[in-house]
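Scroll down for the structure; my scribbles are underneath it.
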Amino acid sequence: MPGWGYQLDPERVLGEMAELGLDATELGPDGFLPPAADERSRLLDRYGLRVVGGFVPVVLHDPDHDPLPGVRALLGSFEEEAVVVLAAATGAAGYDARPALDARGWRTLLANLDRIAGALRHPVALHPHVGTMVETAEEVDRVLDGSAVPLCLDTGHLLVGGADPVALASRAAGRIAHVHLKDVDATLAERVRGGAMSYTEGVRAGMYRPLGRGDVDVKAIVTSLTAAGYTGWYVMEQDVVLDAEPPAGAGPIGEVRESLSFLRSLA
């Protein structure tokens, strides 16, 4: 993403994940891992990792654009069991601004969600995401009311967008097919939501915290979904903006280790 800072080498990321005992992963940003399934599989096998999903930002609201062929082409290399984590992209780069969506755009977006979910052999979940066409609590409700697509419950993006992820996990558990776990500094999230800083600036300032050290009640969400019979994946995401390559053993691995310790304490 433009302006997102230094990108760690995939081999370092995968090696640190394996070191921490993780055994599954999403695909990461487009181009981060090899696009060819066989080459990617060989790489992940070296680290004992399997693929459980991939983030797919797609323009869904444009009446003059059919997103399905592009999605199908992209999924030609997706592992069969991988969840297609859709985001309703704006069509512009980055997540710091988005246009307003009119009634025709909303009808198009909702129809495309149902059409894509019904046409693919892969499981599909819509990811409400800051800087996309589905960000706020009202917009999430509009998707729930106007389509049948399952949701990816991203605990961080929901809170930053003004939704209550604990309440959503409770009242819409039957629509949740995938979960991204993040913790958030609510004060910084409020500044992003109010326009005092951009989303990128918020992440750079440390808006996303290790699990258990922010203002998201992760325990309540996991407890609620477990009680409702949720059997999908919890994907831990530790979003940071790096200025340079961290020394060996430093950087995001420390926060991931802390988050894993917190998750294990819930069990």
Side-chain angles (χ1 to χ4, degrees), residues 1-8 13 16-17 20 22 26 28-29 55 57 85 87 90 94-98 127-132 134-140 151-170 172 176 178-225 233-244 246 249-266:
M1 221 173 71
W4 199 249
Y6 182 82
Q7 177 67 70
L8 289 173
V13 174
E16 290 181 346
M17 291 173 72
L20 293 172
L22 297 170
E26 286 190 2
F55 183 66
V85 184
T90 63
Y95 298 106
D96 289 336
R98 63 185 191 133
H127 184 336
H129 191 294
V130 174
T132 69
V134 181
E135 171 184 320
T136 68
E138 179 185 0
E139 290 159 356
V140 173
L151 289 184
C152 169
L153 183 86
D154 186 298
T155 60
H157 279 277
L158 287 166
L159 190 144
V160 178
D164 182 344
V166 176
L168 186 60
S170 176
I176 295 169
H178 202 58
V179 177
H180 285 176
L181 289 179
K182 294 187 183 76
D183 213 339
V184 176
D185 181 313
T187 301
L188 287 174
E190 177 61 32
R191 295 192 66 197
V192 170
R193 192 160 53 248
M197 60 170 47
S198 71
Y199 177 70
T200 304
E201 290 169 342
V203 178
R204 182 178 288 278
M207 181 171 65
Y208 290 118
R209 311 294 297 146
L211 299 182
R213 281 214 282 129
D215 295 295
V216 176
D217 193 342
V218 176
K219 180 178 180 179
I221 291 168
V222 173
T223 300
S224 176
L225 290 177
W233 284 93
Y234 292 96
V235 178
M236 185 180 61
E237 294 187 320
Q238 190 63 53
D239 288 11
V240 296
V241 174
L242 299 173
D243 292 321
I253 187 173
E255 295 187 344
V256 175
R257 182 181 286 110
E258 184 177 344
S259 293
L260 281 171
S261 177
F262 173 79
L263 284 177
R264 288 172 179 136
S265 75
L266 300 185

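Basis for what follows: all heavy atoms, side chains included, without hydrogens, waters or symmetry-related copies.
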- Message: Less than 4.5 Å apart, side chain to side chain, heavy atoms only: is that true for P252 and V13?
- Response: no
One should read off an interatomic distance between D217 CG and L159 CG, to the nearest 0.5 angstrom, of 11.0 Å
Under 3.5 Å donor-acceptor, S224 side chain and A220 backbone:
no
> Just by modelled atom types, is the A186 backbone N or O under 3.5 Å from a matching donor or acceptor in the E190 side chain?
Replying inline: no
Closest heavy-atom pair, M197 versus G202, reported as atoms and distance to 0.1 Å, is SD-CA, 3.4 Å
request  = Look at the side chain of R98 and the backbone N and O of T132, then say whether any donor-acceptor pair between them is shorter than 3.5 Å.
outcome  = yes
For M236 and V256, the nearest pair of non-hydrogen atoms, with its separation, is CE-CG1, 3.2 Å
Across all chains, not counting sequence neighbours, the salt bridge (charged side-chain N to carboxylate O under 4.0 Å, His left out) partners of E26 are none
d(D215 CG, T187 OG1) to nearest 0.5 Å is 6.5 Å
Note to self: One thing to verify: whether R204 and D243 come together as a salt bridge, which I'm taking to mean a side-chain N less than 4.0 angstrom from a carboxylate O.
What the structure shows: yes
Y95 and V130 have their tightest heavy-atom pair at CD2-O, 3.3 Å
dist E255:CD -> D239:CG (nearest 0.5 Å) comes out at 10.5 Å
Does Y234 form a side chain to side chain contact (heavy atoms under 4.5 Å, CB included) with L263? I'd like the steps, not just the answer. CA-CA 10 Å; Y234 292 96; L263 284 177; 5.9 Å; no
Query - Within-4.5 Å side-chain heavy-atom neighbours: L260 and L22 - result: yes
The reported gap from SG in C152 to NE2 in H129 (rounded to nearest 0.5 angstrom) is 9.5 Å
Q. Would you say the side chain of D183 lies within less than 4.5 Å of the side chain of F262, judging by non-hydrogen atoms?
A. no
Within a strict 4.5 Å, meaning less than it, do heavy atoms of the Y208 and V184 side chains meet? yes
dist T136:OG1 -> R193:CZ (nearest 0.5 Å) comes out at 10.5 Å
CG (L211) and NZ (K219) are apart, to the nearest 0.5 Å, by 14.0 Å
On a heavy-atom basis, the closest approach of P128 and H157 is O-CB, 3.5 Å
*Is the CD atom of E138 crowded by more than 12 outside heavy atoms at less than 6.0 Å?*
no
Residues H178 and V235: closest non-hydrogen pair is NE2-CG2, 3.6 Å
*Do side-chain atoms of S259 reach the backbone of P210 as a donor and acceptor pair under 3.5 angstrom?*
no
- Query: Taking C-beta and beyond as the side chain, do D154 and V85 meet within less than 4.5 Å on heavy atoms?
  - Reply: no
Note: Y199 and V192 closest approach over all heavy atoms is CA-CG1, 3.9 Å
